[in-house]
Asks: 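Below are the structure tokens for one structure; questions will follow.
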Amino acid sequence: MRQSMNKNITAGDESSMRVIDEIVFQASLLALHAAIESAANDTGRAGLDVELDSLVEQARPPARDADSPVRPDVRVFE
Amino acid sequence: MTATANDNPAAQSDLRAGKYLTFRLANEEFGIRVLKVREIMGIQEITAVPQTPAHIKGVINLRGKVVPVVDLRLKFGLAAADYTQRTCIIVTQVQGESGSVMMGIVVDGVSEVLSLTGAEIEDTPDFGEEISGSYLLGMAKVKGKVKILLDIDRVLSTQDLHNLNAILQ
């Protein structure tokens, strides 16, 4: 099983790894902004300039891209 | 209590207690006050401005505002590194002589928001010689490691801004 998994990842589309990487990055940015926003709220300071909505918007294209390349790989495991 | 607390060194370190955004630069972890941070973004196109020092990478257009960007590696005299997918620009609100200005710093990557108590923050040790500008807030001891807390107002001294403004005007 492990072997077949490794083979799958090496043979698997490198671009899907990149897309996943991108999603992780965007998600971590979102989490950090949320943490900063809440810290600002605690001290009564005005919040961030950036709207969290727009960050979510940025993360959407990679998330959509992930759908197609990753799904066939997932099917192999099923 | 508050009147006498300021004379007390322990209370002074309490002033530094709070939330810090930590980021990576070379092999070290640094922290700046979360309240100084306006935005974090992935690396994007930076418009170079001629005749600026090497550490001033240029300016970015932040939703219609032109914001200068400083490469913190170069500012600190560290080796330059290629920008990667992890490279980030942290947009900070810096207190200058002429009021507060926005300035971006390029770092290798952002890590997390840390809540630090006064006890976790230690004064900058005596290095035996004067460090220019005393841009260090202190040293944070977290999980057996040391993170360097920066006074971002002092790091991005307005000297840089004056130089840049002189060129832009």
Side-chain angles (χ1 to χ4, degrees), chain A residues 5-74, chain B residues 14-24 29-45 60-67 83-95 99-117 149 152:
Chain A
M5 234 169 97
N6 286 342
K7 196 162 64 196
N8 192 57
I9 285 171
T10 44
D13 205 343
E14 229 179 78
S15 78
S16 51
M17 296 301 281
R18 243 198 326 272
V19 169
I20 291 169
D21 226 37
E22 175 71 17
I23 295 169
V24 170
F25 179 70
Q26 295 287 353
S28 68
L29 277 193
L30 252 174
L32 283 168
H33 276 106
I36 293 166
E37 180 85 43
S38 82
N41 286 344
D42 289 348
T43 57
R45 202 200 62 170
L48 293 168
D49 297 332
V50 65
E51 293 290 327
L52 288 184
D53 290 357
S54 71
L55 280 171
V56 175
E57 216 43 58
Q58 274 174 35
R60 198 158 287 161
R64 199 175 40 225
D65 294 348
D67 199 37
S68 42
V70 173
R71 200 158 276 171
D73 296 354
V74 172
Chain B
D14 275 346
L15 283 180
R16 293 179 299 189
K19 289 193 169 146
Y20 287 82
L21 174 72
T22 62
F23 56 87
R24 290 182 303 281
E29 286 259 337
F30 292 85
I32 59 173
R33 279 190 174 284
V34 141
L35 295 181
K36 292 282 177 192
V37 178
R38 302 302 299 166
E39 187 167 345
I40 309 162
M41 62 181 87
I43 193 75
Q44 54 170 273
E45 202 181 318
I60 52 169
N61 180 346
L62 184 66
R63 287 183 298 280
K65 258 188 216 163
V66 175
V67 175
Y83 293 165
T84 69
Q85 253 201 319
R86 294 267 166 267
T87 308
C88 284
I89 300 175
I90 304 175
V91 179
T92 57
Q93 188 95 42
V94 184
Q95 203 60 41
S100 73
V101 283
M102 300 241 273
M103 211 159 176
I105 53 174
V106 178
V107 300
D108 291 355
V110 283
S111 308
E112 58 184 331
V113 172
L114 270 183
S115 238
L116 295 174
T117 63
L149 303 181
I152 199 69

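Small disclaimer: the values here were computed from a predicted structure and weren't measured. Here is how names work: the chains are called A, B, and so on, in the same order as the sequence lines, proteins then strands, and each is numbered from 1.
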Asks: Taking all non-hydrogen atoms of both residues into account, name the closest pair between B/G42 and A/L29 and its distance.
Replies: N-CD1, 4.0 Å
Asks: Take A/I36 and B/L35, measure what side-chain contact (heavy atoms from CB on, under 4.5 Å) needs, and give me the verdict at the end.
Replies: CA-CA 7 Å; A/I36 293 166; B/L35 295 181; over 6 Å; no
Asks: Any donor and acceptor pair, going by atom type alone, linking the side chain of A/H33 with main-chain N or O of B/I40 inside 3.5 Å?
Replies: yes
Asks: Quick one: side-chain hydrogen bond (donor to acceptor under 3.5 Å, both in side chains) partners of B/S111, sequence neighbours excluded?
Replies: B/R24, B/E29
Asks: Among B/R86, B/K19, B/M41, which residue has the highest count of heavy-atom pairs closer than 4.5 Å to chain A?
Replies: B/R86
Asks: Apply side chain to side chain contact (heavy atoms under 4.5 Å, CB included) to B/S100 and list each qualifying residue two or more places apart in sequence or on a separate chain.
Replies: B/Q93, B/Q95
